[in-house]
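Structure first, then comments.
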Amino acid sequence: LSVSVLSPTDIMGDVVQMHFTTPDYVIFALLLVASTCIGLFYALSGGRQRTTQEFLLADRSMSCLPVSLSLLATFQSAVAILGAPSEIYTYGTQYWFLGVSYFLGLLIPAHVFIPVFYRLRLTSAYEYLELRFNKTVRIMGTVTFIFQMVIYMGVVLYAPALALNAVTGFDLWGAVLAMGLVCTLYTTLGGLKAVIWTDVFQTIVMFAGQLAVIIVGAHQAGGMGEVWRKAMNGSRIASLDLNPDPTERHTFWTLGVGGVFLMLALYGVNQAQVQRYLSSRTEREAVMSCYVVFPCQQVVLCLGCLMGLVMFARYGEESPLDKAASTTISSCLQMVLYFVMDVFRDLPGLPGLFVACLFSGALSTISSAFNSLATVTMEDLIKPYCPAMTEAKATLLSKGLALAYGLVCLAMAYIASLMGSVLQAAFSIFGMVGGPLLGLFCLGMFFPWANSTGAIVGLVAGLAMAFWIGIGNFVSRMAVPTPLLPIINATTMPLHGNMTTAVMTTLITSITAKPKPTGVQALYNLSYLWYSAHNSTTVVIVGLIVSLLTGPMKEKDLTPGTVYPVLGNLLFFLPERYREKLCCVTPLSHKMAQESNGVAQHKEEEKTEEEERATPQPSCRLAHTVQETAL
């Protein structure tokens, strides 16, 4: 969800700020202390983070449950926690149909991407691109990912801190520095184990905070039955919208189909998630973590939607305000925070619990960003050019990279404070870049004849298309004048009990009918949920055309295990000789098993060195991939 954030003085106007009490500050401090202690524990226990394997991949020893909760928390940022309720409050429950996309969005990674990545024994997802194409494609993918995450992590830290400051007066830079430094500390000291286990703790805090808001808010509104009745009367319970128009913001197709590509970009090929799959003890546990995260995602979606319905039941659409000439505009983040502070006004400690929930989302997202950025920088940009580096030096450098990215995050938060309305574009960049990276991996994994030239041109074309549509959309919306909103009339100020009602009604923009866009403008108005699908498809189509023009790759030239035979499975009705010409017909598991059997026979029969050298092996650092898989 995109947001636009103004300065605290812009939104407060004549409204009296709500304030934290001592119990609230204590609960918030406990979150920071607990997260730091988890990092210190893993820094001083086990192998004490002395190897890159332990620091970056948790020694490949994690079980299913913590990995699944960490997968859930990684992109459950504070923006997502606050964005879903404001979406439901403003537009209704159509957004709830996003849950339909979770089926394929998690099933495909579990049975396609995880087997390929896990059996190749990767550390960075972008190592796959070198095995499948060449080093240039790998570096391009890595640099694109670094750009995506560096832009995103500063904004995702700054935006909720700004909203909190505007609503409660909570010190803006105190919150930013506290969260940034604590996150940098436990990520640098404890490595991926600390990141995963703090994610588990922070996920529990997130659930507790959201449940507290729903339970208390529903009780104050007269119960969930009354909440549902008011939502029905207020036309906030949406029916199934089967409109196929891709420029419509939310329909069943944009949410249920476009959302699949969004989920694949996050859970299929994003380094932060792939790293968690690779930290699992076995491939089976990695696959199971995808299955476990599915119901958890549905619960998170339901909690966000129920919060929005409770907000609507509390405030409805009635406005006790008089029209005035001037205006105040706020973001969805501040809107939900006003609601939470109003619900918990007479309950000390609970506002602190929700703020802990909010910043747990921020911590889990930026800690994953630090760790994944340190991993790809070390594995893709440093190790290939420093092959003689010792393990101790590599581990120390990895920790230094995590620390450096933590400081970069704080710098990006400061830059975000200077960006003003451009802050919305910074959020959009994260979504714009994810689609082309998904297309690049799909091109390599599903189309054996795609070559490195096609991959490079396809990625460039996908990124160009993404930024063209994204920036065009941003500029066209900035050019449209925003309708004025009423402000509070000082002569008719509502009583304290209705204060938040007055504030909320000033924060909701009216929905006006707009003419249907045509031509290039229609492309600019494409629903944000179709971005990943459109941009990844662009990469695949352009990549295939260029590959066919420059000479398609032959199956015998492919590194074993880098292609998933999806076309071979889909075209099962064709004779095998035709399928062989189109794609690899040997399933991935069979191909890897064949290689593994070759290694086992070598151990048992003590083959000669000449026979051993004749066995084809993957390139670069993964020269012993097949042997490791067999063991």
Side-chain angles (χ1 to χ4, degrees), residues 52 55-57 74 113 116-117 120-154 187 192 264-279 366 368-387 389 394 397-402 404-406 408-409 412 429-445 450 452-464 466-467 535-536 539 543 559 562 618-622:
T52 53
F55 184 76
L56 301 177
L57 288 178
T74 295
F113 293 109
V116 172
F117 291 141
L120 289 174
R121 307 296 286 178
L122 307 176
T123 299
S124 162
Y126 303 99
E127 291 178 61
Y128 168 84
L129 296 177
E130 181 175 354
L131 289 172
R132 176 62 181 84
F133 298 114
N134 60 24
K135 188 169 288 187
T136 303
V137 180
R138 175 181 181 178
I139 291 174
M140 288 182 66
T142 300
V143 171
T144 304
F145 172 76
I146 291 174
F147 170 75
Q148 176 192 32
M149 296 302 288
V150 165
I151 293 290
Y152 181 69
M153 65 185 183
T187 305
L192 186 61
L264 291 178
L266 293 178
Y267 284 87
V269 300
N270 188 282
Q271 170 65 23
Q273 306 291 50
V274 171
Q275 205 166 329
R276 280 151 179 74
Y277 301 143
L278 299 175
S279 71
I366 59 178
S368 300
F370 295 167
N371 195 265
S372 59
L373 286 168
T375 302
V376 298
T377 304
M378 186 69 211
E379 296 294 325
D380 299 328
L381 302 181
I382 296 177
K383 267 192 176 180
Y385 303 99
C386 302
M389 184 183 297
L397 184 55
S398 298
K399 293 180 180 180
L401 287 169
Y405 278 117
V408 168
C409 177
M412 289 303 301
I429 286 173
F430 184 80
M432 286 189 282
V433 174
L437 285 176
L438 171 64
L440 183 61
F441 280 94
C442 290
L443 180 68
M445 208 168 286
S452 57
T453 306
I456 293 170
V457 176
L459 178 60
V460 172
L463 289 172
F467 280 93
N535 299 331
S536 59
V539 174
T559 302
T562 56
S619 62
C620 72
R621 189 181 68 81
L622 300 173

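Nothing here was measured: the structure is a model prediction, and the numbers come from that model. Along the sequence shown, the residues carry numbers beginning at 1.
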How long is the gap from [atom1] on [X] to [atom2] on [Y], to the nearest 0.5 Å?
{"X": "Phe133", "Y": "Leu459", "atom1": "CZ", "atom2": "CG", "answer": "10.0 Å"}
{"X": "Thr136", "Y": "Glu130", "atom1": "OG1", "atom2": "CD", "answer": "9.0 Å"}
{"X": "Tyr405", "Y": "Thr377", "atom1": "OH", "atom2": "OG1", "answer": "2.5 Å"}
{"X": "Tyr385", "Y": "Lys135", "atom1": "OH", "atom2": "NZ", "answer": "5.0 Å"}
{"X": "Glu127", "Y": "Leu120", "atom1": "CD", "atom2": "CG", "answer": "9.5 Å"}
{"X": "Ile366", "Y": "Thr187", "atom1": "CD1", "atom2": "OG1", "answer": "8.0 Å"}

Output all residues satisfying side-chain contact (heavy atoms from CB on, under 4.5 Å) with [X], sequence neighbours left out; order by chain, then residue number.
{"X": "Ser536", "answer": "Phe261, Leu438"}
{"X": "Leu57", "answer": "Gln53, Arg60, Thr123, Gln275, Leu278"}
{"X": "Ala125", "answer": "Gln271, Val274, Phe441"}

Distance-minimising heavy-atom pair for [X] and [Y]:
{"X": "Asn535", "Y": "Pro436", "value": "CB-CD, 3.8 Å"}
{"X": "Leu192", "Y": "Ser279", "value": "CD2-CB, 3.8 Å"}
{"X": "Ala374", "Y": "Ser398", "value": "CB-O, 3.9 Å"}
{"X": "Ala265", "Y": "Gly434", "value": "CB-O, 3.8 Å"}
{"X": "Thr74", "Y": "Ala272", "value": "CG2-CB, 3.9 Å"}
{"X": "Gly406", "Y": "Phe370", "value": "CA-CZ, 3.5 Å"}

Taking only residues two or more places apart in sequence, or in another chain, which ones meet Asp380 in a side-chain hydrogen bond (donor to acceptor under 3.5 Å, both in side chains)?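 Only Ser124, Arg138, Thr142 meet the side-chain hydrogen bond (donor to acceptor under 3.5 Å, both in side chains) criterion with Asp380.
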
Which residues pass the side-chain hydrogen bond (donor to acceptor under 3.5 Å, both in side chains) test with Ser452, not counting sequence neighbours?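 Only Asn134 meet the side-chain hydrogen bond (donor to acceptor under 3.5 Å, both in side chains) criterion with Ser452.
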
Hey, does [Y] have a side-chain heavy atom less than 4.5 Å from the side chain of [X]?
{"X": "Tyr277", "Y": "Phe117", "value": "no"}
{"X": "Leu131", "Y": "Leu122", "value": "yes"}
{"X": "Val269", "Y": "Leu264", "value": "no"}
{"X": "Met389", "Y": "Met378", "value": "yes"}
{"X": "Tyr126", "Y": "Met140", "value": "no"}
{"X": "Met412", "Y": "Tyr152", "value": "no"}
{"X": "Leu401", "Y": "Ile382", "value": "yes"}
{"X": "Leu381", "Y": "Val376", "value": "no"}

Under the salt bridge (Lys or Arg N to Asp or Glu O under 4.0 Å) rule, what pairs show up with a residue in residues 268-277, not counting sequence neighbours?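 Pairs touching residues 268-277 that pass the test: Asp199-Arg276.
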
Please report the C-alpha distance between Val116 and Thr562 in whole Å, then the side-chain angles of each, then the deciding distance to 0.1 Å, and finally whether the side-chain contact (heavy atoms from CB on, under 4.5 Å) criterion is met. CA-CA 7 Å; Val116 172; Thr562 56; 5.7 Å; no

